[in-house]
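Naming convention: chains lettered A, B, ... in sequence-line order (proteins, then strands); numbering from 1 in each chain.
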Amino acid sequence: MLDPQLLRESPDLVRAAIAKKHLDVDLDAFLELDRSWRSSLQEVEALRTRQKAANTAMAALPKGSPEFQAKVTEMKSVSAEVRERENALKQIEEKWRQAMLTLPNLPHASVPEGKTPEQNVVHARNGSTEEPRPHARPHWEIAGFDRLFDFARGAKVTGAGFPFFIGDGARLVRALLNFFLEEDAKAGYVEVSPPIFVNAASATATGQLPDKEGQMYETVDKLYAVPTAEVPLTNFFRDEILEESALPVRRCAYTPCFRREAGSYGKDVRGLNRLHQFDKVELLKWVHPATSYDELEKLRQDAERLLQKLELPYRVLLMCGGDLGFSQSKKYDLEVWAAGQKRWLEVSSCSNFEAFQARRAQIRFRAKESGKPELVHTLNGSGLAVPRVLAALLENNLQTDGRVKIPAALVPHFGKDHLSFA
RNA sequence: GGAGAGGUGGCAGAGUGGUCGAAUGCGCAUGCUUGGAAAGCAUGUGUACUCGCAAGGGUACCGAGGGUUCGAAUCCCUCCCUCUCCGCCA
């Protein structure tokens, strides 16, 4: 949610910023709504003032006295009017709230111009994509793949996109999760194991609702399976005021992530590239607004380090305005090279939300100077998404003998230096 | 799942229709006192929205939402949560 004050005082600035995201937003309609909300509010407040004054006067009057009865009669009509105007106000407020929820966050000045993913800027590259790998092939074509990653049984038991991980496949998932969590702990993130279902208020605070409910699995009692640990993690401090000295708070969490992925078909969905359920470790920070862009760089580096230690070639994209999400101010994507598919796979997305989520979620800190509550800035990034990292490992590290070499950093967690499909 | 009790300010805890944004205590802040501290004394101590150049006003909030009433922390309804006992169970 944006700062309503900023909208009122500098609508042109907001308009220009939103234009960078290439979204179509009717600010004038909102501003008009805002004006009528304020005048309606003032009407109601004036009437309430009258009611309160009458209430005090009546308390001092003998009950049943003529003066008292006269007041009752007088205030009955005021009461009716209050009811009417309050209903009108409530309706406007609801519209106002809905309108606010549809306004996107503003991009940071350093976000490059651009409309399409092609206009994202390659910020950095690490490792070679040119190394000859004659045996490389898409991971789903590797001999024995189906023994470790059983999509057919998964489809039978649950549905497409819910594979079984078996033997070394399951073991590699567990090793990766362990490796990620251990490394994240070393980087100062406190591990959290959160609920994997959240209520509507939580999904709204992080921006999944109201627009993206079609992307989440919903239970009969209106709980949502988390699409990412970001949701329960961010909501941990919802409606709370932290001490300034507690900032920055850094946390990480492993959860399975559930995404309906409605409407995505085709090449992207082969193998482990896109699943309805997948494992991911998420990094989250609550920081002082003055430091959030430094913290974003650190967050990106924390995620990058994982890929470096896994010896996987990757690149960092700085997202252009048009490819930024609804609620982000600035975002880096980390993409790992999959030598078999000969394409980049997104394995992490590191974003600064500034106060956008914090305002929706009312996460604040008490500023030492003023003693007043201020909104924190929130940031999050994957560290990392398991199946795509796994896919890249299979494709890049496939040996001539059909086995897959396990990177040195992972060997202590995996327990051996090769994965076997046999 | 069944039965009962309860949700009030940072905490504890009063308040069953009006003068209650709310007693009192603790905590916290500032000042006085002191060589310094404690104690003591005094004053202050929520959040949000809104009007105003400002000084300063106004309104809302007693778990949430609705209702009754001229008027609701207080009465009624629905929901959520916590606790105790029973049942069930990883």
- prompt: Counting only non-hydrogen atoms, which of residues 34-43 of chain A are less than 4.0 Å from RNA chain B?
  reply: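 Result for residues 34-43 of chain A: A/W37, A/R38, A/L41, A/Q42, sorted by number.
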field: Ring centroid separation A/F414 to A/F179 under 6.0 Å
entry: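 So the answer is no for these two rings.
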- prompt: Is the centre of the A/F165 ring less than 6.0 Å from the centre of the A/F149 ring?
  reply: yes
In whole angstrom, what separates [X]'s [atom1] from [N]'s [atom2]?
X      : N      : atom1 : atom2 : answer
A/D239 : B/rC61 : CG    : C1'   : 14 Å
A/D221 : B/rC80 : CG    : C1'   : 13 Å
A/K76  : B/rU69 : NZ    : P     : 8 Å
A/N87  : B/rG67 : CG    : C1'   : 12 Å
A/R83  : B/rG67 : CZ    : P     : 8 Å
A/R48  : B/rC70 : CZ    : C1'   : 12 Å

In whole Å, measure the gap between the [atom1] atoms of [N] and [M] for me.
N      : M      : atom1 : value
B/rG18 : B/rA72 : C1'   : 10 Å
B/rG10 : B/rG65 : C1'   : 27 Å
B/rU78 : B/rC83 : P     : 23 Å
B/rC26 : B/rG58 : C1'   : 33 Å

message: For B/rU47 and A/R366 - does any side-chain N or O of the residue sit under 4.0 Å from the phosphate oxygens OP1/OP2?
response: yes
- prompt: What's the shortest heavy-atom distance between A/A160 and A/H276, and which atoms?
  reply: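 Looking at all heavy atoms of both residues, the shortest contact is O-CD2, 2.8 Å.
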- prompt: Taking for each residue the nucleotide of RNA chain B with the nearest heavy atom, is it A/E45 or A/K372 whose nucleotide lies nearer the 5' end?
  reply: A/K372
- prompt: If you check every side-chain atom of A/K90, which of B/rC70, B/rU47, B/rG66 has the closest atom?
  reply: B/rG66
- request: Among the candidates B/rU47, B/rG58, B/rC70, find the nucleotide nearest to the side-chain atoms of A/T49.
  value: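 Ranking B/rU47, B/rG58, B/rC70 by closest atom to the A/T49 side chain puts B/rG58 first.
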- prompt: Nearest 0.5 Å, what's the CD1-CG distance between A/I406 and A/L393?
  reply: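 If I round to the nearest 0.5 Å, the distance is 6.5 Å.
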Protein proximity profile, nucleotides 17-23 of chain B - base contact B, sugar-phosphate-only contact S, no contact -, cut-off 4.0 Å on heavy atoms: -BB----
Inspect the contact between [Y] and [X] and indicate whether a charged nitrogen and a carboxylate oxygen are less than 4.0 angstrom apart.
X      : Y      : value
A/E183 : A/K309 : yes
A/D28  : A/R15  : yes
A/R38  : A/D34  : yes

query: Is the charged tip of A/R300 near the ring of A/Y332: under 6.0 Å from the six-membered ring centre and within 45° of its axis?
result: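 Pair A/R300/A/Y332 counts as cation-pi.
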Tell which nucleotide pairs with [N], taking only Watson-Crick or G-U wobble pairs whose two distances are both under 3.5 angstrom.
N      : value
B/rU30 : B/rA42
B/rA73 : none
B/rC79 : B/rG63

message: Against A/R364, only a single residue in A/L242, A/D239, A/I241 fulfils side chain to side chain contact (heavy atoms under 4.5 Å, CB included); can you say which?
response: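 With A/R364 as partner, side chain to side chain contact (heavy atoms under 4.5 Å, CB included) holds for just one option, A/I241.
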message: Apply salt bridge (Lys or Arg N to Asp or Glu O under 4.0 Å) to residues A/R260 and A/E218 and explain how you reach the verdict.
response: CA-CA 10 Å; A/R260 295 186 62 220; A/E218 188 182 345; over 6 Å; no
